[in-house]
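One-based numbering along the sequence shown.
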Amino acid sequence: MVGTPYGSVRGRYEKGIAVFRGIPYAAPPRGPRRFRPPEPPEPWDGVRDAVAFGPTAPKPPYSEAFAQYLSDPVVPGDDCLNLNVWTPDPGARLPVLVWLHGGALTRGSSAVPVYDGHAFARDGVVFVSVNYRLGVEGYGLFPDAPANPGLRDQLAALHWVHASIGAFGGDPDRITLAGQSAGAISIGALLAAPQAQGLFRRAVLQSGPPEASDRDKVRRMVRRMATRLKVPATAAAFAEVDPELLLRAQAEVGRLSSPVLGGPAFGIVVDGDVVPRDPLEALIDGDAAKDVDLMLGWTSDEYRLWLVPGGLLERVDRLGPVALAGAMARCHCGSEVVRGYRALHPEAGTAEIVGQMVTDHLLRIPLHRLAEARPGTSYVYEFAWPSNLPDLGACHALELGFVFDTGETPESAKLAGEGAPTELAEAMHGAWVRFAVDGDPGWRPWDAGHPVQIFGKGDPYVVSGPRDGDFAVWTADTTTPETAPVSEPAEGWPARTAELRSVVRRLRRTGLARRH
């Protein structure tokens, strides 16, 4: 039994680790609290059982194409602002790692089995995982409600951890905030948030950069939902809509966006409060989180999770120049970028060129810029081990089972296949543990040599600037952004354009939002 500011909780021991699940850090965001900033939970008398995962935030399911690779359990209930704690010794004072899950800010939860915190606690780190509001309830933009309630949930959870984790054996002065994809994007915003300063000492951003979404894109999502629901585009009107009906409308509208081709999507926006300015620019300028150590990284084939499900990889390859023109529009670049990638990767097909361009534009280059602005305190890695499943390569989210050392779970095998190397899990998980303990994951920090730790086949090793050539293509591009093809249109161009539209529709039907 452990005491919290709102009442005592009782967990249970699992394999020698004390585990507490479903602890509320804020009140249920229902009734008058919908679309509002989080409020403290009501205190309770007696001892509250904390042995099962708490309710997950409302969310639409993944499409069938993605559900075969990604698990997303649903726990019903309104009290979705909850967290979980794994601790080896409630009486100790150990480093803490707080995990923010991915899911494009529309899916995911702390109940995903891949995120089990046992291995971190086993290795001397108190582990905390957090649920937060998703989709329109967490990131809708309304004229009559504060922006970014989902990010405000995360901030409330961080305040809870800072104030309460000592009772669970954690050291509030040694908190590492870690997340993947949308979780990493959230951390980028929290790094720059004035209200979060001093709440954590280190941060890990996996496959997600600091960024702010275009407010108009988020507004378009809300307006399209309002049109479907036949209600005004206000928080007051949306709060009167049944949550299930709201989810169905969100899922329908969400099909108009895709990770490769963009479109309106929910995201964190500059709000003048929690997010006073673009997070990446604030961090590069040195305006925030000056004393926070960083670990930043990506996978070698992020895009394959976006294109392999449903057979889209082959279709993009067939489209040739049409797909390349679409990538140029998506990345706001000129044809010289495409030519540069072709010159650097002469064996690559169209889908690989498109995928790597979009990945670099959205993800790797912003993280690279952040490392450049924080030499000596930033550590950069690349996950390069290819999945045992066909065509996935080292795709987005594949590294998670290795970071958590949960490769034996069926949910990890959905991406990695059977027989994932345990020695790679030991290496990656060990690096995350070392970073949480003392800020040094085991390789040299970023400097003029651009060291990148490669986690792939065999032992991990460091390479100097493995993607510097690709990044240089963007700075060398002096052309005006264009959407024209990079070669003369071949016979059958109209048919290829029609096929591109078909691919766009397929991407929109996947149900995978802007990023996993």
- Item | Verdict with reasoning, Arg107 to Asp72, per salt bridge (charged side-chain N to carboxylate O under 4.0 Å, His left out) | CA-CA 7 Å; Arg107 295 174 174 85; Asp72 197 11; 5.4 Å; no

- Message: With salt bridge (charged side-chain N to carboxylate O under 4.0 Å, His left out) as the criterion, how do Asp273 and Arg152 come out once you've worked through the C-alpha distance, each side chain's angles and the decisive distance to 0.1 Å?
- Response: CA-CA 10 Å; Asp273 179 18; Arg152 295 171 190 268; 3.1 Å; yes

- Task: Please assess Val125 against Leu94 for the test side-chain contact (heavy atoms from CB on, under 4.5 Å), listing each intermediate value before the final yes or no.
- Result: CA-CA 6 Å; Val125 176; Leu94 300 169; over 6 Å; no

- Going through the distances and angles, do Val98 and Ile165 end up as a side-chain contact (heavy atoms from CB on, under 4.5 Å)? CA-CA 11 Å; Val98 178; Ile165 203 63; over 6 Å; no

- Between Ser378 and Leu370, is a side-chain contact (heavy atoms from CB on, under 4.5 Å) present by the stated rule, with each step listed? CA-CA 8 Å; Ser378 300; Leu370 182 54; 5.7 Å; no

- Task: Show your reasoning for whether side-chain contact (heavy atoms from CB on, under 4.5 Å) applies to Ile353 and Leu324.
- Result: CA-CA 8 Å; Ile353 294 291; Leu324 292 169; 3.6 Å; yes

- Message: salt bridge (charged side-chain N to carboxylate O under 4.0 Å, His left out), that's the test. Do Arg339 and Glu336 meet it? Break it down for me.
- Response: CA-CA 5 Å; Arg339 295 191 180 101; Glu336 288 304 310; 3.1 Å; yes

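Of the possible polar contacts, none joining the Thr176 side chain to the Leu97 backbone as a donor-acceptor pair under 3.5 Å is found. Using modelled atom types, one side-chain atom of Arg215 and one backbone atom of Val270 make a donor-acceptor pair closer than 3.5 Å. Side-chain atoms of Arg21 never come within 3.5 Å of backbone atoms of Phe53 as a donor-acceptor pair (strictly under, hydrogens ignored). Proximity of a side-chain donor or acceptor of Thr56 to a complementary backbone N or O of Val75 within less than 3.5 Å is detected. Side-chain atoms of Arg174 do not come within 3.5 Å of backbone N or O of Val96 as any donor-acceptor pair. The backbone N or O of Gln453 lies less than 3.5 Å from no partner atom in the side chain of Glu382, so there is not a single donor-acceptor pair. When atom types are taken as modelled, the side chain of Trp86 and the backbone of Ser129 share no donor-acceptor pair closer than 3.5 angstrom. When atom types are taken as modelled, the side chain of Arg34 and the backbone of Ala239 share a donor-acceptor pair closer than 3.5 angstrom. Tyr25 places a side-chain N or O within donor-acceptor distance of the main-chain N or O of Asn131, the cut-off being under 3.5 Å. Under a 3.5 Å cut-off, the side chain of Tyr139 and the backbone N or O of Ala265 do not form any donor-acceptor pair.
A 4.5 Å side-chain heavy-atom check between Pro375 and Asp447 finds every atom pair outside the cut-off. When side chains are defined from C-beta on, Val452 does not count as touching Trp443, because their heavy atoms never get closer than 4.5 Å. Taking the side chain as every heavy atom from C-beta outward, Arg202 and Pro95 never approach each other to under 4.5 Å. Using a 4.5 Å heavy-atom cutoff, the side chains of Ser110 and Leu83 are not in contact. Between Val218 and Phe266, some side-chain heavy-atom pair lies under the 4.5 Å cut-off. Taking the side chain as every heavy atom from C-beta outward, Arg330 and Leu362 approach each other to under 4.5 Å. The shortest side-chain heavy-atom distance between Arg133 and Phe35 does not fall under the 4.5 Å cut-off. When side chains are defined from C-beta on, Leu81 does not count as touching Pro28, because their heavy atoms never get closer than 4.5 Å.
Arg467 contributes atom CZ, which lies 11.0 Å from atom CG of Leu344 (distance to the nearest 0.5 angstrom). Remark: Leu190 CG to Ile185 CD1 distance equals 12.0 Å, nearest 0.5 Å. With values rounded to the nearest 0.5 angstrom, Leu105 atom CG is found 9.0 Å from Leu151 atom CG. Leu199 CG to Leu191 CG: the interatomic distance, rounded to the nearest 0.5 Å, is 11.5 Å. Distance check, rounded to the nearest 0.5 Å: CG of Leu283 to CZ of Arg277 gives 9.0 Å. Distance check, rounded to the nearest 0.5 Å: CZ of Arg201 to CG of Asp171 gives 8.5 Å.
Counting non-hydrogen atoms of other residues, nucleotides and ligands closer than 6.0 Å to CG of Asp242 gives a total above 12.
For the 3.5 Å distance criterion, the side chains of Thr106 and Gln250 fail to qualify, holding no donor opposite an acceptor. Arg364 and Gln356 share a donor-acceptor pair across their side chains, judged by distance under 3.5 Å alone. In the model, Tyr341 has a side-chain atom that pairs as donor or acceptor with a side-chain atom of Asp360 under 3.5 Å. Inspection of the Gln154 and Ser186 side chains reveals an N or O donor paired with an N or O acceptor under 3.5 Å.
Closest heavy-atom contact between Ala27 and Pro40: CB-O, 3.5 Å. Residue Ala288 comes nearest to Gln197 through the heavy atom pair C-OE1, 4.2 Å, listed as atom of the first residue, atom of the second, then distance. Listed here is the closest heavy atom pair of Met357 and Cys333: CE-SG, 3.8 Å. Here the closest heavy-atom approach between residue Leu415 and residue His396 is recorded as CD1-O, 4.1 Å. Across Ala237 and Val241, no two heavy atoms sit closer than the pair O-CG2, 3.6 Å.
For the pairing with Phe383, the ring-ring contact (aromatic ring centres under 6.0 Å, His included) check across Phe402, Trp298, Phe455 returns one residue only, Phe402. Shown are Arg224, Arg228, Met225; of these, the side chain to side chain contact (heavy atoms under 4.5 Å, CB included) with Glu252 is made only by Arg228.
Aromatic pair Phe404/Trp99: centroids less than 6.0 angstrom apart. Between Tyr6 and Trp160, the distance separating the two ring centers is not shorter than 6.0 angstrom. Aromatic rings from His332 and Trp474 are positioned such that their centres are separated by 6.0 Å or more. Proximity of the aromatic rings of Phe120 and His429 is defined here by a centroid distance below 6.0 angstrom, and this criterion is met.
Remark: His159 pairs with no residue by the ring pair (Phe, Tyr, Trp, His ring centres under 6.0 Å) rule, at least two apart or across chains.
Ion pairing between a basic and an acidic side chain is recognised when a charged N comes within 4.0 Å of a carboxylate O; Glu137 and Lys59 show no such pairing.
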